[in-house]
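Note sheet for the following structure.
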Number of protein chains: 2
Amino acid sequence: MENEPKSVIGRRGSYAKGVARRQEILDRAIEVFAERGADGTSLRRIAEAIGVSHATLLHYFDSREQLLVAVYEHAESLRQAPEDLEQSSVDVMVAAATENVGVPGMVQLYSTLVATAIEEPAGESKEFFTRRFERVRTDMAQRLRDEQAAGTVRDDIDAETLATMLIALSDGVQTQWLLDPSIDLRDTLSRATALIAAR
Amino acid sequence: MENEPKSVIGRRGSYAKGVARRQEILDRAIEVFAERGADGTSLRRIAEAIGVSHATLLHYFDSREQLLVAVYEHAESLRQAPEDLEQSSVDVMVAAATENVGVPGMVQLYSTLVATAIEEPAGESKEFFTRRFERVRTDMAQRLRDEQAAGTVRDDIDAETLATMLIALSDGVQTQWLLDPSIDLRDTLSRATALIAAR
DNA sequence: GTCTATACGAAGATAGAC
DNA sequence: GTCTATCTTCGTATAGAC
């Protein structure tokens with residue numbers, strides 16, 4: 001029974017030691033980001049923190065960008081499954097955002113990678129975030145469709161558009177919150193419930 | 001009569017030739033971004049496109065980051081004054097976003113600088129965007145307050161919070177649109193009118 | 001004041017030794 | 001699998017020409 005890496009990103013290291021090493025890199029990297037901020041995201045800094053050379057990191061990941069995407073994906077996968085069927089669309093959004101800002105460096109990493117994704121015509125980031133937005137939007141839209149059918153959410157705007165708006169709202173408020181922590185992230189995002197409520 | 005630079009950013013170049021050169025740099029830089037994408041944002045690339053040495057750029061701007069902020073500020077200042085008093089808050093947001101995405105490289109530059117702003121504890125970007133969000137939020141909130149008083153916008157959410165939400169929405173949708181141009185930016189943002197309408 | 005030449009250190013990436 | 005050495009590009013700093 002093989003222990004296949006879950007991600008499409010960085011397929012190397014399928015053997016036991018390689019897999020362990022790969023996990024160690026991902027686990028440590030997010031900590032380095034949290035501790036050292038932007039200065040801790042270079043290959044050499046991360047490698048130093050782990051105790052290997054920067055060339056070793058490139059043995060497991062094709063590029064710095066690929067490593068960063070894998071780190072984000074890994075950190076995101078560690079979060080609790082958001083799929084309480086009882087939770088409303090806005091509740092899911094608020095929960096995700098709250099967990100996000102609770103991990104130091106997470107919003108910064110997200111923001112950096114999204115910026116890279118929209119800058120580069122064809123890079124690891126672009127592919128990852130295009131797929132991610134598609135997936136998150138689809139999930140959110142389905143939830144909203146159910147709520148529209150149940151009569152709790154307004155149906156004068158289609159679910160896909162509402163999903164796009166809620167995700168944009170969440171991303172944007174997280175950014176503003178980092179620049180002005182006096183903003184009440186949870187409260188602000190929760191107000192979306194009133195905005196999308198059935199009339 | 002001195003011809004003082006309008007911005008706090010990059011105060012050098014008060015003499016005739018210097019002022020002209022500085023304008024040329026700002027004008028050309030945004031074009032280079034549009035033409036060459038992320039690969040065109042290095043000092044050496046920009047300098048090459050303008051026909052000067054990269055050291056010259058640092059004569060007018062203290063750092064690459066400061067140059068990039070100045071370029072963004074300059075490009076933004078070229079836009080038509082958004083202050084038609086007849087326009088609604090959402091109309092202003094939609095107009096600004098539409099003009100934004102109409103300038104190639106603009107959203108990418110914005111995104112890159114915001115990412116830098118939230119990464120660096122104390123940098124040019126952080127100061128600029130903290131102030132900018134504050135200003136844009138205040139302007140938008142005032143507009144919303146007027147609309148609440150006029151009875152066209154719901155007043156169960158305070159104007160400051162609504163302003164934060166509208167700005168977040170605009171930023172977020174622009175990002176998603178770059179990764180998936182099938183999203184109708186104008187239509188999606190315009191739907192906000194219904195969301196914040198008085199009940 | 002304007003601008004170039006040059007040097008330094010850090011960065012991502014690659015090649016090849018072990 | 002991991003290292004060192006090396007290449008190239010980058011931001012930045014300085015010295016000095018005009």
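So you know, we letter chains A, B, ... as the sequences are listed, proteins then strands, and number each from 1. Worth saying up front: this structure is predicted, and the values here are computed from it rather than measured. Below, all heavy atoms of this structure are taken into account, side chains as well, without hydrogens, waters or symmetry copies.
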Counting only side-chain nitrogens and oxygens, does [X] get under 4.0 Å of the OP1 or OP2 atom of [N]?
X: A/R44; N: C/dA11; result: no
X: A/R21; N: D/dT2; result: yes
X: B/T56; N: C/dT4; result: yes
X: B/S42; N: D/dC10; result: yes
X: A/S53; N: D/dC3; result: yes

SB check [X] [Y] (cutoff 4.0 Å):
X: A/R135; Y: A/D139; value: no
X: A/R21; Y: A/E24; value: yes
X: A/K126; Y: A/E119; value: no

Rounded distance in Å - [atom1] ([X]) to [atom2] ([N]):
X: A/Y60; N: C/dA13; atom1: OH; atom2: C1'; result: 18 Å
X: B/E65; N: D/dC10; atom1: CD; atom2: C1'; result: 15 Å
X: A/L68; N: C/dA13; atom1: CG; atom2: P; result: 11 Å
X: A/H54; N: D/dT2; atom1: NE2; atom2: C1'; result: 12 Å
X: A/L43; N: C/dG9; atom1: CG; atom2: P; result: 21 Å
X: B/R64; N: D/dA13; atom1: CZ; atom2: C1'; result: 17 Å
X: B/H59; N: D/dT14; atom1: NE2; atom2: P; result: 16 Å
X: A/D39; N: C/dG9; atom1: CG; atom2: C1'; result: 14 Å

Practice prompt. Sequence neighbours left out, what passes salt bridge (charged side-chain N to carboxylate O under 4.0 Å, His left out) with A/D180? Give chain and number order.
Written response: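 Applying salt bridge (charged side-chain N to carboxylate O under 4.0 Å, His left out) to A/D180 gives B/R137.
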